[in-house]
Novice: 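Once you've had a glance at the structure underneath, I'll fire off some questions.
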Amino acid sequence: MASEGVLLGMGNPLLDISAVVDDAFLTKYDIKLNNAILAEDKHLPMYDELASKGNVEYIAGGATQNSIRVAQWMLQTPGATSYMGCIGKDKFGEEMKKNAQAAGVTAHYYEDEAAPTGTCAVCVVGGERSLVANLSAANCYKSEHLKKPENWALVEKAKYIYIAGFFLTVSPDSIQLVAEHAAANNKVFLMNLSAPFICEFFRDAQEKVLPYVDYIFGNETEARIFAKVRGWETENVEEIALKISQLPLASGKQKRIAVITQGADPVVVAEDGQVKTFPVILLPKEKLVDTNGAGDAFVGGFLSQLVQQKSIEDCVKAGCYAANVIIQRSGCTYPEKPDFN
């Protein structure tokens, strides 16, 4: 049984606007499959174009929020997880609150007076997705919200704290506060490389917080970019995972575990100078709906076992199970109950 509030997530709550598009659409907006970027002016008309498509769906998203919701679903203990981020005072924001509540997540949103709730365009072609985030209100999160007693109480209560790398662009000072709290109180702090652009353009912010990170997640593309910007002369994911796990630690931290997913290829885990690989559950192509949320779901499944102090092997198994469920559905959604054992 997971205790109440054992797991806390902080990040960018976004409403996914998801639709199946074609290659011409990708070309028109200059976007690539399997990538995640922040919206520029040229992307802004895309949101209305997606919204006008017959097959459009609106799904509560945001990387960290997805992972927390999946962990909550796997745990089936109401209130085992909590979440913070910034939304707007609008109908998308209300939708987000309802969604978190229905999922059993204790969400303390900071509500921005001016900015609308953030959205993420999810453009699906052949089951693969391209993400373009328009952060809006999500970009307005302030550490003042985190420091309020009722919100800091969630930090105090949590034993595991997970933050996707995407939040580095929004509130690095909030991340630092939580990271230092985790180090001082023997708690587990987890992060995600999240996207090539984070590894490339937010390297300094990433570098500052890495010493505090006990578990770092990422996929093979992000891992290779992470290595490239540091001048590591290797494309080998196992080598890169090992090097990431061996980067310096803040005082009080025992070790770092790096967990790198590779789509349909085995999951790579580097720990204590050793690398292990774990096969994933293969899915016939015709069962794939879309990969949106697959990495987030993997982390959610992993976390659901980690907070119960299960072995790394069990954590990876649960991660693979959750990702397998999510890719057979649209967005980061799941059936009523998990059947993981």
Side-chain angles (χ1 to χ4, degrees), residues 10-12 31-38 40 63-64 67 130-131 133 135 161-180 182-183 188-263 265-278 294-296 298-299 302 312 316 319:
M10 293 175 68
N12 301 336
I31 56 177
K32 295 199 244 332
L33 287 177
N34 296 314
N35 200 8
I37 60 171
L38 295 178
E40 297 168 39
T64 306
S67 296
S130 181
L131 305 178
L135 297 180
I161 301 168
Y162 173 67
I163 302 178
F166 291 121
F167 204 51
L168 286 166
T169 77
V170 172
S171 189
D173 55 335
S174 296
I175 300 179
Q176 203 64 30
L177 282 171
V178 169
E180 287 170 8
V188 181
F189 183 61
L190 312 95
M191 281 197 81
N192 203 310
L193 299 177
S194 289
F197 85 88
I198 297 288
C199 301
E200 220 167 340
F201 305 116
F202 291 87
R203 180 185 166 173
D204 293 350
Q206 197 180 47
E207 203 98 299
K208 194 173 169 211
V209 74
L210 264 174
Y212 296 93
V213 178
D214 300 284
Y215 288 79
I216 185 84
F217 297 93
N219 67 25
E220 75 281 36
T221 315
E222 294 149 8
R224 288 187 176 120
I225 296 279
F226 186 95
K228 191 176 147 199
V229 300
R230 282 168 181 74
W232 299 351
E233 304 270 306
T234 178
E235 290 263 297
N236 180 310
V237 174
E238 294 184 26
E239 266 178 60
I240 295 167
L242 197 54
K243 285 181 85 111
I244 295 175
S245 73
Q246 292 169 333
L247 287 169
L249 293 161
S251 67
K253 289 287 173 186
Q254 304 307 310
K255 65 172 179 182
R256 180 183 305 107
I257 298 177
V259 183
I260 308 296
T261 58
Q262 311 186 80
D265 292 327
V267 178
V268 174
V269 178
E271 173 183 12
D272 295 330
Q274 307 274 295
V275 175
K276 289 193 183 121
T277 59
F278 300 90
D296 303 335
F298 174 85
V299 173
F302 188 103
I312 280 280
V316 172

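Heads up: numbering here begins at 1 and tracks the sequence. All heavy atoms count here, side chains included; hydrogens, waters and symmetry mates do not.
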Novice: Decide if atom NZ of K253 counts as having more than 12 heavy atoms of other residues, nucleotides or ligands within a radius under 6.0 Å.
Specialist: yes

Novice: Please report the closest heavy-atom contact between N12 and V170, naming both atoms and the distance.
Specialist: OD1-CG2, 3.4 Å

Novice: Is it true that atom CD of E207 has more than 12 heavy atoms of other residues, nucleotides or ligands lying nearer than 6.0 Å?
Specialist: yes

Novice: Going by the angle between their ring planes, with limits at 30° and 60°, are F217 and Y215 parallel, tilted or perpendicular?
Specialist: parallel

Novice: Under the rule for side-chain contact (heavy atoms from CB on, under 4.5 Å), what residues qualify as partners of A294, not counting sequence neighbours?
Specialist: I327

Novice: Could you tell me whether the side chain of E222 and the main chain of N219 form a donor-acceptor pair under 3.5 Å?
Specialist: yes

Novice: So how far is it from L190 CG to I216 CD1, rounded to the nearest 0.5 Å?
Specialist: 9.0 Å

Novice: Return the minimal non-hydrogen interatomic distance between P196 and I225, and the atom names on each side.
Specialist: O-CG2, 3.8 Å

Novice: Measure the CD1-CG distance between I175 and L168 for me, rounded to the nearest 0.5 Å.
Specialist: 4.0 Å

Novice: Going through the checks in order, is the side chain to side chain contact (heavy atoms under 4.5 Å, CB included) test met by Q206 and M191?
Specialist: CA-CA 10 Å; Q206 197 180 47; M191 281 197 81; over 6 Å; no

Novice: Would you mind listing every side chain to side chain donor-acceptor pair (under 3.5 Å) that reaches into residues 237-247, with sequence neighbours excluded?
Specialist: T234-E239

Novice: Which heavy atom of E235 sits nearest to which heavy atom of R224, and what is that distance?
Specialist: O-NE, 2.7 Å

Novice: If only atom types and distance count, is the side chain of T64 paired as donor or acceptor with the main-chain N or O of A164 below 3.5 Å?
Specialist: yes

Novice: Identify the two heavy atoms, one from D296 and one from S67, that lie closest to each other, and give their separation to 0.1 Å.
Specialist: O-OG, 2.9 Å

Novice: Under the side-chain contact (heavy atoms from CB on, under 4.5 Å) test, which residues partner S171, sequence neighbours left out?
Specialist: Y141, F167, D173, S174

Novice: Holding to side-chain contact (heavy atoms from CB on, under 4.5 Å), I want the full list of residues that pass it with A195, two or more places apart in sequence or in another chain.
Specialist: A36, F166, F197, I198

Novice: Would the distance check show the side chain of S130 and the main-chain N or O of K32 forming a donor-acceptor pair, the cut-off being under 3.5 Å?
Specialist: yes

Novice: Looking only at non-hydrogen atoms, find the nearest pair between Q274 and L242 and report the distance.
Specialist: N-CD1, 3.9 Å

Novice: Would you check if the side chain of R256 reaches a backbone N or O of L247 as a donor-acceptor pair within less than 3.5 Å?
Specialist: yes

Novice: Tell me the ring-ring contact (aromatic ring centres under 6.0 Å, His included) pairs involving residues 233-253, sequence neighbours left out?
Specialist: none

Novice: Are T221 and N34 packed together at the side-chain level, in the sense that at least one heavy-atom pair is separated by less than 4.5 angstrom?
Specialist: no

Novice: For A223 and I240, work out which heavy atoms get closest and say how close.
Specialist: O-CG2, 3.5 Å

Novice: Going by the rule ring-ring contact (aromatic ring centres under 6.0 Å, His included), which residues pair with F189 if we only count those two or more places apart in sequence or in a different chain?
Specialist: none

